[in-house]
Amino acid sequence: MAWRRFLHEKVFTKYLLLTNVLVCGTLDGLGDFLEQKRERVQSHNWARTARMASMGCVLAPIGHYWFQVLDRYLPGRQLASVGKKVILDMVLMGPFEVAAFYAGMCAMEGKSRENIWKELKEKFLLTYELEWLVWPPAQAINFFFIPLHFRVIYCSSIELLWSMVLSYLKHHSLAVTE
């Protein structure tokens, strides 16, 4: 029982932000690792995995505080409150996170502003559209059933699969050839 108290008092209370950062970074890196295995790359690109993990660590605090803001201004688990949270998450946070992901990844790859912009123009819309297939139901479950202090970790569990999608989209050309 001491470990349960430790988890509650330290990991999920006192050090919740750090916990969220470490879990998000680890699962985003793991998602890229699994995607590279799925792609059967000849030599694993550890720098790519590290960049994906880094983006998880960078975006985790934003999600951590975002969920607090949503709960402060839209308290409760009623259908109307949850619906508003899901819409706000998709309309405000969704585009921000997609843009931040591609910009951050490209910056860590040393790409110029022009190339960052080019990649955003190529991949943003498809990625954002795919978000609409994954995140509204996931966030509805999150806001209805998951306590605030577990929300980032819950999202990270879904992020494991989502980061595989992001890794694929990021590292493959989406240009249509005629």
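Fair warning: this is a prediction, and the values are worked out from it, not measured in the lab.
Without hydrogens or angle criteria, Tyr102 side chain to Lys121 main chain gives no donor-acceptor distance under 3.5 Å. Between the side chain of His172 and the backbone N or O of Tyr168 there is at least one donor-acceptor pair closer than 3.5 Å. In terms of modelled atom types and a separation under 3.5 Å, the side chain of Ser112 and the main chain of Asn115 share a donor-acceptor contact.
In this structure Tyr154 satisfies the ring-ring contact (aromatic ring centres under 6.0 Å, His included) test with no other residue, sequence neighbours excluded. For Ala47, the side chain to side chain contact (heavy atoms under 4.5 Å, CB included) partners at least two apart in sequence or on another chain are Asn45, Arg51. By the side chain to side chain contact (heavy atoms under 4.5 Å, CB included) test, Glu129 pairs with Leu125, Leu126, sequence neighbours left out. Taking the salt bridge (Lys or Arg N to Asp or Glu O under 4.0 Å) definition, one finds that Arg38 meets it with Glu35, sequence neighbours left out.
Minimum heavy-atom separation, Val21 to Ala60: CA-CB, 3.7 Å. Of all heavy-atom pairs spanning Phe101 and Met55, the tightest one is CA-CE, 3.8 Å. Nearest heavy-atom pair across Cys155 and Asn142 is SG-ND2, 3.3 Å. The shortest heavy-atom contact between Asp32 and His171 is OD1-CE1, 4.3 Å.
Taking a 4.5 Å side-chain heavy-atom cut-off between Ile, Leu, Val, Met, Phe, Trp and Tyr, the cluster of Val69 extends to Tyr73.
Applying the side-chain hydrogen bond (donor to acceptor under 3.5 Å, both in side chains) test to pairs two or more places apart or on separate chains, those with a residue in residues 81-96 are Trp66-Asp89, Asp71-Lys85, Asp89-Gln139.
Using cut-offs of 30° and 60° on the angle between ring planes, the pair Trp132 and Tyr128 is perpendicular.
Salt bridge absent: Glu109 and Arg48 never bring a charged side-chain N and a carboxylate O closer than 4.0 Å.
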